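For reference, the structure discussed in these notes is given below.
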Amino acid sequence: MCGIAGIVSHQNVNQELYDALTVLQHRGQDAAGIVTCENGRLHLRKDNGLTRDVFTTEQMMKLKGNMGIAHVRYPTAGCSSSSEAQPFYVNSPFGITLAHNGNLTNTATLKKELFIEDQRHLNTNSDSEVLLNIFAHELQQLGKLELNKDDIFKAVEGVHRRCKGAYAVVLMIPNIGIIGFRDPHGIRPIVFGERKSEQGTEFMIASESVALDVLGFDLIRDIEPGEAVFIEESGQLHTQQCADEINHCPCIFEYVYFARPDSIIDNISVYKARLRMGDKLAEKILKEWPDHDIDVVIPIPDTSRTSALQMAYALDVKFREGFMKNRYIGRTFIMPGQQMRKKSVRQKLNAIGLEFEGKNVLLVDDSIVRGTTSEQIIQMARDAGAKKVYFASAAPAVRYPNVYGIDMPAAHELIAHNRTEEEICTAIGADKMIYQDLEDLIDSVHKGNTKIKQFDTSCFDHKYVTGDIDDAYLQNIEALRNDTAQTGKKIDTAIIDMHNSN
């Protein structure tokens with residue numbers, strides 16, 4: 001999972017891109033990068049680390065220009081080398097930079113095509129570099145010395161024909177403008193908005209609407225599946241549908257965990273969707289366990305708080321904050337390597353003994369992936385004096401890998417894979433386990449926008465919406481995503497000044 005942003009303005013965009021990345025930091029804590037364009041010259045800074053650590057004042061001063069794109073990243077497979085930090089750049093044609101959120105599912109085929117047929121060299125293992133080179137090749141095939149909106153849209157059409165999987169993309173071409181587009185299934189989120197200024201209208205593209213809100217941009221709408229948005233450097237906006245067939249299937253896990261609650265994705269309020277998840281879980285408890293002895297509902301900070309609060313209200317039991325979070329520790333789910341995740345749990349959370357001692361506690365989390373964190377938190381509750389510890393998940397059991405840009409691990413590392421709920425309950429050390437039903441999760445999100453007919457729920461039900469995922473593919477990503485592959489080696493980086501090839 002990654003966060004992307006792009007701005008076309010009438011003034012320097014470096015500070016606003018930086019601010020956008022801090023707002024989108026929850027989407028990736030492995031690396032950050034910004035590239036700006038000043039009179040046809042590109043200025044790039046990227047490295048491993050949080051946004052605040054990657055950019056110094058001196059480096060920010062070098063990122064001049066009135067348009068630019070930005071990216072925060074965490075790795076979905078393999079290492080987290082800074083050589084794979086984004087944005088990526090390709091010199092020919094025109095000099096193009098790209099930031100990508102998602103995961104291509106036909107990367108191996110595309111790499112062969114790029115090398116043998118397109119005669120393009122790849123410098124990393126990232127599918128984002130593959131996507132960039134596909135777009136560059138499609139643009140180069142037009143043989144144009146000057147580009148117009150039709151050329152841009154035609155290149156995006158070529159990307160849609162060749163690339164499979166999930167991709168929300170923002171690209172920048174010096175002296176031309178910024179392009180945002182989304183795969184024909186609309187799996188990953190991307191929105192665009194505008195802001196009026198004395199100099200004229202300015203535009204912004206971002207992964208989530210909250211980034212627009214913070215910078216004073218008014219949300220226009222989501223980029224539709226298969227659609228491209230082209231913002232000229234002068235500020236002229238163009239949109240066009242570029243896919244022959246679309247089937248809107250947004251990732252339901254965005255609403256469960258990844259997106260900020262104050263974001264709106266595909267016209268669905270993430271906050272309200274999570275409230276409805278809490279209602280559904282409470283309904284299930286009252287139906288299946290009407291004589292429950294829950295004394296208090298306690299969320300596991302932060303993403304489960306909204307659902308837990310609504311559960312407590314519906315169950316008519318106390319809601320309490322029982323864990324204090326150290327906000328200087330990253331989100332454990334998106335940390336590469338199981339050992340790092342284990343180490344961080346006790347550093348991240350500390351129990352308030354008064355809220356646990358002698359009580360039957362219902363802990364609520366957004367989901368359970370590996371289960372290791374849940375097991376440690378349950379033990380923390382017992383150590384704090386809880387009499388009984390029940391555990392509820394706002395999402396169903398995660399039994400299968402996600403292949404569309406979320407680092408859900410190899411199937412055998414998922415605690416729910418090939419286990420019953422009773423076995424999971426025993427494995428994590430809970431007295432009782434309550435999972436959200438998939439139908440209830442879908443209903444919680446779907447109520448926000450009934451026009452959406454299907455969601456990507458593959459990590460729960462093994463149904464991959466792109467239709468191209470088989471056992472061989474899953475075995476391959478299992479080899480890449482198992483914890484021994486998550487090496488996370490850091491290497492040096494440098495600021496790169498790149499000249500427009502025109």
Side-chain angles (χ1 to χ4, degrees), residues 1-8 13-37 42-55 59-60 63 65 67-77 79-90 95-104 123-133 135 166-173 178-183 188-192 204-208 210-212 214-215 223 258-260 330 334 336 405-407 493-496 498:
M1 188 60 57
C2 301
I4 61 176
I7 299 175
V8 175
V13 296
N14 51 355
Q15 183 62 54
E16 291 195 319
L17 287 171
Y18 177 93
D19 293 341
L21 292 188
T22 62
V23 174
L24 297 172
Q25 190 76 79
H26 61 284
R27 300 188 67 85
Q29 300 169 3
D30 181 68
I34 294 174
V35 60
T36 59
C37 184
L42 297 177
H43 306 288
L44 171 66
R45 167 66 183 173
K46 60 179 181 177
D47 196 2
N48 278 7
L50 298 174
T51 301
R52 69 187 181 205
D53 299 323
V54 170
F55 302 98
Q59 291 156 356
M60 287 292 293
L63 297 173
M67 68 175 182
I69 64 174
H71 187 267
V72 286
R73 169 189 184 269
Y74 88 93
T76 54
C79 72
S80 56
S81 165
S82 60
S83 66
E84 298 193 4
Q86 298 183 36
F88 283 127
Y89 169 78
V90 67
I96 307 171
T97 59
L98 168 144
H100 164 221
N101 175 31
N103 187 59
L104 301 184
N123 204 44
T124 71
N125 293 319
S126 173
D127 61 338
S128 302
E129 190 187 16
V130 171
L131 202 158
L132 169 60
N133 276 273
F135 177 86
Y167 49 94
V169 176
V170 62
L171 292 132
M172 181 170 64
I173 307 176
I178 286 179
I179 306 104
F181 60 89
R182 193 179 188 190
D183 73 80
R188 302 265 71 87
I190 184 169
V191 299
F192 68 106
M204 181 175 180
I205 299 170
S207 291
E208 295 184 33
V210 65
L212 276 64
V214 168
L215 295 177
I223 296 179
F258 271 107
R260 278 182 41 154
I334 61 176
I406 300 177
D407 188 23
T493 190
I495 298 176
I496 304 170
M498 299 171 294

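Since this is a predicted model, take the numbers as computed values, not measurements.
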So how far is it from [X] [atom1] to [Y] [atom2], rounded to the nearest 0.5 Å?
X    : Y    : atom1 : atom2 : result
S83  : K46  : OG    : NZ    : 8.0 Å
L171 : I96  : CG    : CD1   : 7.0 Å
N103 : D183 : CG    : CG    : 11.0 Å
L104 : D127 : CG    : CG    : 4.5 Å
F135 : Y167 : CZ    : OH    : 12.0 Å
L50  : F55  : CG    : CZ    : 11.5 Å

Original post:
Knowing that exactly one of T22, N14, L21 qualifies, which makes a side-chain contact (heavy atoms from CB on, under 4.5 Å) with Y18?
Top reply: T22
**OP:** Among S128, S126, C2, find the one that has a side-chain contact (heavy atoms from CB on, under 4.5 Å) with R73.
**Re:**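 The single option meeting the side-chain contact (heavy atoms from CB on, under 4.5 Å) with R73 is C2.
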Within the structure provided, determine whether [X] and [Y] are in side-chain contact (heavy-atom separation under 4.5 Å).
X    : Y    : answer
T36  : L42  : no
F192 : I223 : yes
M172 : V8   : no
V169 : L98  : yes
Q86  : H100 : yes
V35  : H43  : no
I69  : I178 : yes
L44  : I34  : no

Only counting residues at least two apart or in another chain, list the ones meeting side-chain hydrogen bond (donor to acceptor under 3.5 Å, both in side chains) with [X].
X    : answer
N123 : none
E129 : T124
T51  : Q25

Subject >> Aromatic plane relationship, F258 with Y74 - under 30° parallel, 30 to 60° tilted, over 60° perpendicular >> reply: parallel
Test item: [X] side-chain N/O and [Y] main-chain N/O as donor-acceptor pair under 3.5 Å:
X    : Y    : answer
E208 : R260 : yes
D47  : V54  : no
N101 : I4   : no

**OP:** Would you check, one step at a time, whether the test side chain to side chain contact (heavy atoms under 4.5 Å, CB included) holds for R188 with I406?
**Re:** CA-CA 10 Å; R188 302 265 71 87; I406 300 177; 4.0 Å; yes
**OP:** Please assess L215 against I7 for the test side chain to side chain contact (heavy atoms under 4.5 Å, CB included), listing each intermediate value before the final yes or no.
**Re:** CA-CA 11 Å; L215 295 177; I7 299 175; 4.2 Å; yes
Heavy atoms only: give me the nearest [X]-[Y] pair and the separation to one decimal.
X    : Y    : answer
A168 : P189 : CB-O, 3.7 Å
A5   : M204 : CB-CE, 4.4 Å
A211 : A206 : CB-CB, 3.9 Å

